[in-house]
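Remember, predicted model here, so these are calculated numbers, not experimental data. In what follows, every heavy atom counts, from backbone to side chain, and hydrogens, waters and symmetry copies are set aside.
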Amino acid sequence: MKEVPVTEELFTAVADMESATSSGGVRLDKVLARWSVEHEPGISRSHIAHRIRSGEVSVNGVVVTKPGEWVRVGDTISLMTNATTNQSLSPYNYPLTIVYEDETLIVIDKPAGLTVHPGAGNRDETMLNALIHRHAGLDHRGGPTIDRGGIVHRLDKDTSGLLVVARTPAAHAHLAQQFASRTVQRRYRALALATPRAKNIFFNTSEGTIDAPIGRHPTYRTRMGVTAEGRPAVTHYQIMERFSWAMMLELRLQTGRTHQIRVHCAHRGAPLIGDPVYGSDQILPPPLARVAHRFGRQALHAATLGFVHPSTGQELSFTSRLPADMVKLIEAFR
């Protein structure tokens, strides 16, 4: 998997009179064509368009299938490489938790610590490798297998919870369109910092909305942040329970930017407990700081996933219980 950040330099090289929109977006295929001039010379724009339509490209973790999809500064484009196609992936004997499965799609309850897709540093022990292993046993029945991984959306390695994976190209395109049109229902549970001495003015009511654009951090380029040049990002939240040093949140994504919940909560002064990138566990009392350190990840769980079945048109909804490590963490703060 190759990551292509849409930097100011790359965007400027593409944004001419014909390709820039009034909102500052440029075509995905043109961005990749310009990027390939330096990194993969000799690849035509028609070939790039074919790879996009084939589901080999995602923007901010969501697969897109339209070459004319608009991208902006701060977006991250992921391009599947030949090394990460199904034919060259090693099967990984890992016991996946399957919530639902038919000939069109699979819903998986992913544990924390499991990477979704092969990439630098981990090509063999990912959820996709585990799917390859699992589906090798289905081939003898003649059933459909995962097409190009079938990955429609992703969760961070250390975020647990529900994912849907397509088993056919048609299902892949249908689900990708649902994500693009923001009709997929996604609800998360998170434990966020709440200091008792300084009241957080942004979380002084039981529910609310965080509406703040997210893009590449201007200083730390491996991080995301709230920036004026970022893409629109909206997160709705409800406070389920308050503790002395934390609060239990339910969050609903209206948009799907990279690290959206983690960035939005940190921006509003309530970073997720245990978050190694955007967190502030050092201000916790020592006993709780040690608990957060031992937890070892951001306290975030994809608890609910709802979408329309690509073949039947039925509305499906799935719920995942909080994993044991997160339940133990909450009890420590309670």
Give a yes or no on whether V26 and V64 share a hydrophobic cluster (residues Ile, Leu, Val, Met, Phe, Trp, Tyr; joining criterion: side-chain heavy atoms under 4.5 Å apart). yes

Mark yes when over 12 heavy atoms from residues, nucleotides or ligands other than R321 sit less than 6.0 Å from its CZ; otherwise mark no. no

L316 and F179: same hydrophobic cluster, using ILVMFWY side-chain contacts below 4.5 Å? yes

Answer with yes or no whether the side chains of Q260 and T235 bring together a donor and an acceptor at under 3.5 Å. yes

When you compare the side chain of V116 with that of K110, does any pair of heavy atoms fall below 4.5 Å? yes

Classify the ring geometry between F318 and F307 as parallel (under 30°), tilted (30 to 60°) or perpendicular (over 60°). tilted

Within the structure provided, determine whether I52 and K66 are in side-chain contact (heavy-atom separation under 4.5 Å). no

Other residues, nucleotides, ligands: >12 heavy atoms within 6.0 Å of E331 CD: yes

Out of D158, D281, D325, which one pairs with R297 under the salt bridge (charged side-chain N to carboxylate O under 4.0 Å, His left out) rule? D325

Would you call the rings of F203 and Y237 parallel, tilted or perpendicular, where under 30° means parallel and over 60° means perpendicular? tilted

Verify the cluster assignment for F11 and V14: are they in a single hydrophobic cluster under the rule of side-chain heavy atoms below 4.5 Å apart? yes

Do I77 and V63 land in one hydrophobic cluster if side-chain heavy atoms of ILVMFWY residues count as linked below 4.5 Å? no

Joint hydrophobic cluster, I261 plus M247, side-chain heavy atoms closer than 4.5 Å: yes

Stepwise side chain to side chain contact (heavy atoms under 4.5 Å, CB included) check, H153 with V164: CA-CA 7 Å; H153 65 124; V164 59; 3.5 Å; yes

For side chain to side chain contact (heavy atoms under 4.5 Å, CB included), just list the numbers for I273 and F333, CA-CA rounded to whole Å, side-chain angles, deciding distance to a tenth of an Å, and then say yes or no. CA-CA 10 Å; I273 299 297; F333 276 81; 3.9 Å; yes

